Student: 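Structure provided below as structure tokens; questions to follow.
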Amino acid sequence: MVKTAIKRSKSALIDEYITRLEKGDALLQDSPQNLVEVVGILKSYGVVLDAYSINLCYIANTQFLKLFPLFKYFNGEVNPQKIAKFLWHDRINYEYAEYCMKTMFWHGGGGLDAYVDTPEFTNNVNQLIKAHFKYNPLMLTLHAAFKDFLPEQMRQMAYYSALGQFWRVMSDIFINLSDSYDRGQIKSIPDVVQFILNGLVADATRPITYTVKEGNQTYDILPKDANLTFLADTAVPYVEAVFFRGTPFTGTVSYNAQAYEISYDPGMFAYGALYADPLPVGGAGIPPTLLMQDMRHFLPDYLREVYRHQSLRGERDIRIQICQSFQKSMFCVTTAAIKGLAPHPFDTVDPQQQAANRKYLTGWLNRILESQITKINTN
């Protein structure tokens with residue numbers, strides 16, 4: 001009886017959210033408070049993504065095939081002042097960008113994941129390896145003995161570059177969104193979703209390529225004729241890997257196989273940004289803590305003012321408040337992605353197209369309703 005009641009309740013919720021999306025609303029409820037939080041947090045996120053994007057592309061373009069890239073977070077500017085700031089931790093936490101990259105790399109999905117396992121990719125990488133280590137017989141011998149080690153390193157570099165290119169686009173979208181809000185052109189949560197959707201559509205077919213230079217020669221690691229594109233091969237796998245699946249955070253669950261706290265199937269993982277409990281943010285071993293720490297430096301004044309007054313603790317729990325706002329914003333990005341990938345426009349009056357849309361939306365909502373969305377919308 002209990003299971004039947006829960007099932008009926010979830011079914012009713014799915015119908016409610018489908019109706020909401022068909023009316024042009026978003027997963028996140030529209031309210032002045034949500035609008036301020038979403039736009040404000042996306043502005044700071046856009047600034048942070050700009051830094052992450054620059055560093056990921058720097059690593060991919062200049063630190064490839066380096067086994068110990070000690071200064072990879074310095075973007076080529078190594079001096080005593082910068083080293084001191086790094087050691088004092090007065091810096092952007094690029095480790096979070098790498099966490100997202102490795103999560104994408106591990107979960108895979110999309111054309112990028114398929115291409116890095118093709119003979120063409122291996123052939124391109126082997127040519128680069130021979131050129132890079134042509135005066136290093138030890139490394140060439142190791143490559144001959146362990147044929148997958150260095151190609152695996154370059155697969156990872158391909159993901160560094162692809163995520164850097166993806167975040168370049170998203171950073172511009174979020175900063176432009178904030179500018180439009182400041183000009184009074186964004187007035188509701190559906191406006192936010194539509195703005196993000198327009199940005200995703202505008203760059204949907206943008207090529208994802210990766211070329212490195214060795215000596216006077218260039219090597220296409222992800223050539224243009226691989227036909228990898230922004231939306232299908234980076235945006236969709238990113239949403240799946242980082243928004244939904246994620247990885248278990250060290251210290252919050254047991255990695256002991258006998259404890260059965262981690263699913264045996266990565267496809268069943270639910271550790272992504274949409275599911276995370278904001279309260280553990282700030283704990284050791286929680287990667288999003290680094291992102292919240294980075295974003296707190298770039299909050300617009302109006303959002304900081306909101307945080308000072310909406311919590312009894314003022315700014316003392318600001319990372320938790322940032323995490324809550326961030327989740328709200330990611331539900332807007334998810335709504336835009338769902339609308340962009342739908343088989344038909346949500347306002348269609350064709351019964352067959354409506355049925356196809358409902359089947360498509362039901363699949364998404366079965367996963368989304370397990371996230372924080374119902375809790376956020378009922379607070």
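By convention here, the first residue in the shown sequence is residue 1. Owing to the predicted nature of the structure, the values given are computational and were not obtained by experimental measurement.
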Student: Counting distance only, does the side-chain N/O of Ser171 pair as donor-acceptor with the main-chain N or O of Gly46 below 3.5 Å?
Tutor: yes

Student: Is it true that Gln33 and Gln310 share a donor-acceptor pair across their side chains at a distance under 3.5 Å?
Tutor: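 Yes, a side-chain donor-acceptor pair sits under 3.5 Å.
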
Student: Under a plain distance cut-off of 3.5 Å, with no hydrogens placed, do Gln293 and Thr289 share a side-chain donor-acceptor pair?
Tutor: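 Judged by distance alone, the side chains do not pair up.
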
Student: Under the side-chain hydrogen bond (donor to acceptor under 3.5 Å, both in side chains) criterion, do Tyr115 and Asn227 qualify, and how do the steps go?
Tutor: CA-CA 10 Å; Tyr115 184 76; Asn227 295 320; over 6 Å; no

Student: Has Asp30 got a side-chain atom pairing as donor or acceptor with Ile189's backbone, closer than 3.5 angstrom?
Tutor: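 Pair found, side chain donor or acceptor close to backbone of Ile189.
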
Student: Are Ile186 and Val201 in one and the same hydrophobic cluster, where Ile, Leu, Val, Met, Phe, Trp and Tyr link if side-chain heavy atoms are under 4.5 Å apart?
Tutor: no

Student: Of the non-hydrogen atoms in Ala336 and Leu200, which two are nearest, and what is the gap between them?
Tutor: CB-CD1, 4.2 Å

Student: So among Lys43, Arg304, Lys328, which one has a salt bridge (Lys or Arg N to Asp or Glu O under 4.0 Å) with Glu37?
Tutor: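 With Glu37 as partner, Lys43, Arg304, Lys328 yield a single salt bridge (Lys or Arg N to Asp or Glu O under 4.0 Å), made by Lys328.
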
Student: Can you tell me how far the CG atom of Leu197 sits from the CD1 atom of Ile338, to the nearest 0.5 Å?
Tutor: 11.5 Å

Student: Treating Asn55 as the side-chain partner and Ala51 as the backbone partner, does any N or O pair qualify as donor plus acceptor under 3.5 Å?
Tutor: no

Student: Checking Gln29 against Ile376 for the side-chain contact (heavy atoms from CB on, under 4.5 Å) test, could you report, in this order, the C-alpha distance in whole Å, the side-chain angles of both residues, the deciding distance, and whether it holds?
Tutor: CA-CA 9 Å; Gln29 285 182 350; Ile376 288 174; over 6 Å; no

Student: Treat each ILVMFWY residue as a node, draw an edge where side-chain heavy atoms are under 4.5 Å apart, and state whether Tyr73 and Leu87 are in one component.
Tutor: yes

Student: Do NZ/NE/NH1/NH2 and the carboxylate oxygens of Glu214 and Lys130 come within less than 4.0 Å?
Tutor: no

Student: Under the side-chain contact (heavy atoms from CB on, under 4.5 Å) rule, what do Ser371 and Phe331 come out as? Steps first, then yes or no, please.
Tutor: CA-CA 10 Å; Ser371 70; Phe331 281 115; 3.3 Å; yes

Student: Identify the heavy atoms of Gly108 and Tyr159 that sit nearest to each other, and give their distance.
Tutor: CA-OH, 4.2 Å

Student: Identify the heavy atoms of Pro151 and Val125 that sit nearest to each other, and give their distance.
Tutor: CA-CG1, 3.9 Å

Student: Measure from the side-chain N and O atoms of Asp25 to the backbone N and O of Leu21, and report whether any donor-acceptor pair falls under 3.5 Å.
Tutor: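 Absent.
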
Student: Any chance the side chains of Asn93 and His89 put a donor and an acceptor closer than 3.5 Å?
Tutor: yes

Student: Check for a donor-acceptor pair, side chain of Arg183 on one end and backbone N or O of Ser178 on the other, with a separation under 3.5 Å.
Tutor: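 No, Arg183 side chain to Ser178 backbone: no donor-acceptor pair under 3.5 Å.
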
Student: Under a 3.5 Å threshold, yes or no: a donor from one side chain and an acceptor from the other, between Asn377 and Tyr17?
Tutor: yes

Student: What is the distance from atom OH of Tyr264 to atom CD1 of Ile262, rounded to the nearest 0.5 Å?
Tutor: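 That separation rounds to 14.5 Å.
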
Student: Give a yes or no on whether Asn256 atom CG has more than 12 heavy-atom contacts from other residues, nucleotides or ligands under 6.0 Å away.
Tutor: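 Yes, CG of Asn256 has more than 12 neighbouring heavy atoms, counting only those of other groups under 6.0 Å.
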
Student: Should the ring pair Phe243 and Tyr238 be called parallel, tilted or perpendicular, given that the plane angle runs from 0 to 90° and is split at 30 and 60?
Tutor: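 Perpendicular.
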
Student: When you measure from the side chain of Asp317 to the backbone of Ile320, do you find a donor-acceptor pair of N or O atoms at a distance under 3.5 Å?
Tutor: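 No, Asp317 side chain to Ile320 backbone: no donor-acceptor pair under 3.5 Å.
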
Student: Linking I/L/V/M/F/W/Y whenever any side-chain heavy atoms sit under 4.5 Å apart, do Tyr302 and Ile41 land together?
Tutor: yes

Student: Decide salt bridge (charged side-chain N to carboxylate O under 4.0 Å, His left out) for Lys10 and Glu16; before the verdict, give the C-alpha distance in whole Å, the side-chain angles of both, and the deciding distance to 0.1 Å.
Tutor: CA-CA 10 Å; Lys10 185 173 180 180; Glu16 177 187 325; over 6 Å; no

Student: With ring centroids as reference points, do Tyr360 and His344 lie under 6.0 angstrom apart?
Tutor: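 That pair fails the under 6.0 Å test.
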
Student: Is a donor from one side chain sitting under 3.5 angstrom from an acceptor on the other, for Gln354 and Asp350?
Tutor: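 There is no such pair between these side chains.
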
Student: Should Phe146 and Glu152 count as side-chain neighbours, where that means a heavy-atom distance under 4.5 Å?
Tutor: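 They are not in side-chain contact.
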
Student: May I ask you to check whether Phe71 and Phe74 place their ring centers less than 6.0 Å from one another?
Tutor: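 Yes, the ring centres sit under 6.0 Å apart.
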
Student: Can you see whether Tyr260 engages Ser254 through a side-chain donor-acceptor pair at a distance of less than 3.5 angstrom?
Tutor: no

Student: Using the ring of Tyr271 (Phe, Tyr or Trp, six-membered ring only), decide whether Arg245 places NZ or CZ under 6.0 Å from its centre and within 45 degrees of its axis.
Tutor: no

Student: Answer yes or no: is there a side-chain heavy-atom contact under 4.5 Å between Val212 and Ile221?
Tutor: yes

Student: What's the shortest heavy-atom distance between Tyr181 and Val36, and which atoms?
Tutor: OH-CG2, 3.7 Å

Student: I need the minimum non-hydrogen distance between Asn357 and Ala342, along with the two atoms involved.
Tutor: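 Minimum heavy-atom separation between Asn357 and Ala342: OD1-CB, 4.3 Å.
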
Student: Consider side chain to side chain donor-acceptor pair (under 3.5 Å). Of Asn124, Thr209, Thr211, which one does Asp220 pass it with?
Tutor: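 It is Thr211, the one option of Asn124, Thr209, Thr211 that forms the side chain to side chain donor-acceptor pair (under 3.5 Å) with Asp220.
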
Student: For the residue pair Gln194 and Asn198, confirm or rule out a side-chain donor-acceptor distance under 3.5 Å.
Tutor: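 Side-chain D/A pair, Gln194 to Asn198: present.
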
Student: Roughly how far, to the nearest 0.5 Å, is the OG atom of Ser53 from the CD atom of Gln165?
Tutor: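 Going from CD on Gln165 over to OG on Ser53, the span is 8.5 Å.
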
Student: Is it possible for you to say whether Tyr45 and Val306 belong to one hydrophobic cluster, with membership spreading through side-chain heavy-atom contacts below 4.5 Å?
Tutor: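 Tyr45 clusters together with Val306.
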
Student: Going by atom types only, do Ser325 and Tyr307 share a side-chain donor-acceptor pair under 3.5 Å?
Tutor: yes

Student: Whether Lys102 and Glu95 form a salt bridge (side-chain N of Lys/Arg under 4.0 Å from carboxylate O of Asp/Glu) is what I want to check.
Tutor: no

Student: Rounded to the nearest 0.5 Å, what separates atom CG in Leu291 from atom SG in Cys100?
Tutor: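 Between Leu291 CG and Cys100 SG, I get 7.5 Å after rounding to 0.5 Å.
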
Student: Strictly by modelled atom types, are Asn126 and His143 linked by a side-chain donor-acceptor pair under 3.5 Å?
Tutor: yes

Student: Do side-chain atoms of Arg358 reach the backbone of Ile18 as a donor and acceptor pair under 3.5 angstrom?
Tutor: no

Student: Assigning hydrophobic clusters by single linkage (Ile, Leu, Val, Met, Phe, Trp, Tyr; side-chain heavy-atom cutoff under 4.5 Å), is Ile368 placed with Leu341?
Tutor: yes

Student: So, Asp294 side chain and Ile92 main chain: donor-acceptor pair closer than 3.5 Å or not?
Tutor: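 Not confirmed, Asp294 side chain does not pair with Ile92 backbone.
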
Student: What orientation do Tyr96 and Trp167 show, parallel under 30°, tilted 30 to 60°, or perpendicular over 60°?
Tutor: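 Ring orientation of Tyr96 relative to Trp167: parallel.
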
Student: Decide whether Glu261 and Tyr255 meet the rule of one side-chain donor and one side-chain acceptor closer than 3.5 Å.
Tutor: no

Student: Give a yes or no answer on whether the side chain of Tyr58 reaches the backbone of Gly76 with a donor-acceptor pair at less than 3.5 Å.
Tutor: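 Side chain of Tyr58 to backbone of Gly76: a pair is present.
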
Student: Under 6.0 Å from the ring centre and within 45 degrees of the ring axis: does the NZ or CZ of Arg206 meet both conditions for the six-membered ring of Phe230?
Tutor: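 So Arg206 doesn't make the cation-pi contact.
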
Student: When you look at Tyr160 and Gln63, which way does the side-chain hydrogen bond (donor to acceptor under 3.5 Å, both in side chains) test go after all the steps?
Tutor: CA-CA 11 Å; Tyr160 270 96; Gln63 305 296 294; over 6 Å; no

Student: Tell me whether the count of non-hydrogen atoms from other residues, nucleotides or ligands lying under 6.0 Å of CD in Gln81 goes above 12.
Tutor: no

Student: Treating Gln156 as the side-chain partner and Phe105 as the backbone partner, does any N or O pair qualify as donor plus acceptor under 3.5 Å?
Tutor: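 Judged by distance alone, no pair lies under 3.5 Å.
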
Student: Determine the minimum heavy-atom distance between Met268 and Ser263, stating which atoms define it.
Tutor: CB-OG, 3.4 Å

Student: Mind checking whether Tyr94 and Ile59 have side chains closer than 4.5 Å, heavy atoms only?
Tutor: no

Student: Would you say that more than 12 heavy atoms from the other residues, nucleotides or ligands in this model lie under 6.0 Å from the CG of Asp265, or not?
Tutor: yes

Student: Check this for me: does any side-chain nitrogen of one of Lys23 and Asp347 sit under 4.0 Å from a carboxylate oxygen of the other?
Tutor: no

Student: Does atom CZ of Phe149 have more than 12 heavy-atom neighbours, drawn from other residues, nucleotides or ligands, at distances under 6.0 Å?
Tutor: no

